[in-house]
Amino acid sequence: MVGLETLSEDGEVLNYVGGTWTAPDGTDGRDSVNPATGERLARVPFSSEADVASAISQGQTAFEDWSTRPVEERIQPMFQFKELLEEHLDELAELLVRDHGKTFAEARGELRRGIENVEVACGIPSMMQSGSLLNAAPDIDESEVRQPLGVFVAITPFNFPGMIPLWFLPYAVATGNSFILKPSERDPLVPARLMELLDQTDLPDGVVQMVNGGKDTVNTLLAADGIEGVSFVGSTPVAEHVYETSAAHGKRVQAQGGAKNYIIVTETADLEFAAQKTVGSSYACSGQRCLANDVAVVEESVYDEFADLVVDVASTQTVGYGLDEGTDIGPLTTPEHEQGVRNFVETGIQEGATVLYDGRDAEVEGYEDGNFLGPTVFGDVTTDMTIAQEEIFGPVLGLMSASDVDEAIEIANATDFGNAGSLFTGSGADARKARHQLEVGNLGVNAGTAAPMAFFHFGGMDDSFFGDLHAQGEDAIHFYTDKKVYIERWPDA
Ligand code: NAD
């Protein structure tokens, strides 16, 4: 039993279009596989151009009515959705573990972050308001309103299949738009379950829809008429492609890309605390997080001490199945991805980094078909190494030393990415320096994973983000609405 009510008799994940569940009509598809057990959970058939066209047309029709409904009416389904998500939290978390591989606690945490966005979107009546000014000019009052635009699309990655759709969906619909989700084809079961829950709310048919598919489906959506804007989260090359293609077709676009996150540890930091947080951030979700700590740059006076502490904490991590109690690190998403991460480890060794803790031989009894890799710590990493510059997306942490905080900041800024960074320090002056100088969208001070709450925006800099308005919070309201100014004069008044 996979845990979906709408799976077809052949075990296929269906599209959710116009309020009904329909089989995608494309020729391609992919199996959804439990990465710990190798069990095939479902088949994901990909959508054809006709499937995409049908969803767009249904979305346009739904928008005509939905956009005129009072805002109070538009948020009621979000309150219902929040209740359903709470009620089904553990069931969703279990499905997430089976389809993705992360631990049950991580899955619950992910869903909690998703629910936060639904909660924030329930405040749209206040958030969507805009300004007005009496006597802006002689006999003229001016006011600004925000209007929904039409059909929006979100294209999401495999690593947070429950949370990332919710960075967008609640805001898009509460502001009065209709919304199409194209989830990752690698783990589409939780997105499908989210649609089943939304189907139980009072949302009119066609306001929220889901089309399954791969890159062809994405490219059809990007080029299609009738879509106003595109939200994307995924790897940098695809983010850049989505950004350029969407813009070329006259669409609004926000495209979040990959990451290479540096943390800085100064000699005034609480080193034990920093080591705990660094390891936690680096290996959670097997390192498959865009906010994971990838490289720690440590002031040389405390480098050896910090390295020993990190190795100690890394050695306590238990690799296993996410549904088994005591597991800290689950499997990687696919055998191909596991091999890719192993290749990075080999490259690190060939390029001269020192293996301080080797996770390559990790074996998990009873799960011989799983894509497991244990935590790996590299020392003596230098900026010219591949493992210092490229996104690995696995449980691999690199350690570097720097003479002082200035050099550490320079090293951290030398990557192409700018998603997140952290600083562990006891010095306010160093913290202020990092705030001013680190080129990242999310910066943590004495916090391992710099993840903003839903009422703040989420987005990176440099090659980690293409666009201007980010996900979540107020940025989402701006992305999903257009502004109009009323300039009124009533000479008799
Ligand atoms: P991905 O880029 O492979 O896929 C993301 C989405 O794009 C999927 O829905 C997929 O179907 C589609 N896609 C894939 N290749 C495509 C192509 N050539 N043309 C058009 N569409 C295509 O990413 P992923 O492997 O699913 O996710 C991991 C990546 O996402 C990592 O790089 C990670 O850093 C990034 N990520 C970033 C953030 C952020 O906030 N910046 C958050 C989560 C994940």
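Order of listing sets the numbers, starting from 1, for every ligand and every atom in it.
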- Protein contact to atom 2 (O) of ligand 1 [nearest heavy atom, distance to 0.1 Å]: Ser235 OG, 2.6 Å
- Task: Can you pull out the closest protein heavy atom to atom 27 (O) of ligand 1? Residue, atom name and distance to 0.1 Å, please.
- Result: Pro157 CB, 3.3 Å
- Is the shortest distance from a Lys or Arg side-chain nitrogen in Glu119 or Lys82 to a carboxylate oxygen in the other one below 4.0 Å? yes
- Task: Tell me which protein heavy atom sits closest to atom 18 (N) of ligand 1, plus the residue, atom name and distance to 0.1 Å.
- Result: Lys215 CD, 3.6 Å
- Task: With atom 8 (C) of ligand 1 as the reference point, say which of Val242, Thr156, Asp187 has the nearest heavy atom.
- Result: Thr156
- Any chance you could measure Leu291, atom CG, to Ser282, atom OG, to the nearest 0.5 Å? 12.5 Å
- Message: Please confirm whether Thr217 approaches ligand 1 to less than 4.0 Å, judged on its heavy atoms.
- Response: no
- Query: Can you check whether Ala292's main-chain N or O pairs, donor with acceptor, with Asn261's side chain at less than 3.5 Å?
  - Reply: yes
- Message: What I want to find out is whether Arg43 reaches Asp10 closely enough, with some N-O distance under 4.0 Å, to be called a salt bridge.
- Response: no
- Message: Using heavy atoms and a 4.0 Å limit, tell me yes or no: is Gly460 in contact with ligand 1?
- Response: no
- Query: Among the heavy atoms of Trp167, does any lie under 4.0 Å from an atom of ligand 1?
  - Reply: yes
- Item | Option with minimal heavy-atom separation from atom 7 (O) of ligand 1, where the choices are Phe458, Phe160, Phe46, Phe232 | Phe232
- Task: Please report which non-hydrogen protein atom sits nearest to atom 26 (O) of ligand 1, along with the residue it belongs to and the distance in Å to one decimal place.
- Result: Phe158 N, 3.0 Å
- Here the atoms of ligand 1 under 4.0 Å from any heavy atom belonging to Asn159 are 43 (C), 44 (C)
- Item | Salt bridge present between Asp482 and Arg252 (N-O < 4.0 angstrom) | yes
- Item | Identified ring pair (Phe, Tyr, Trp, His ring centres under 6.0 Å) counterpart of Phe458 within the set Trp167, Phe465, Phe168, Phe160 | Trp167
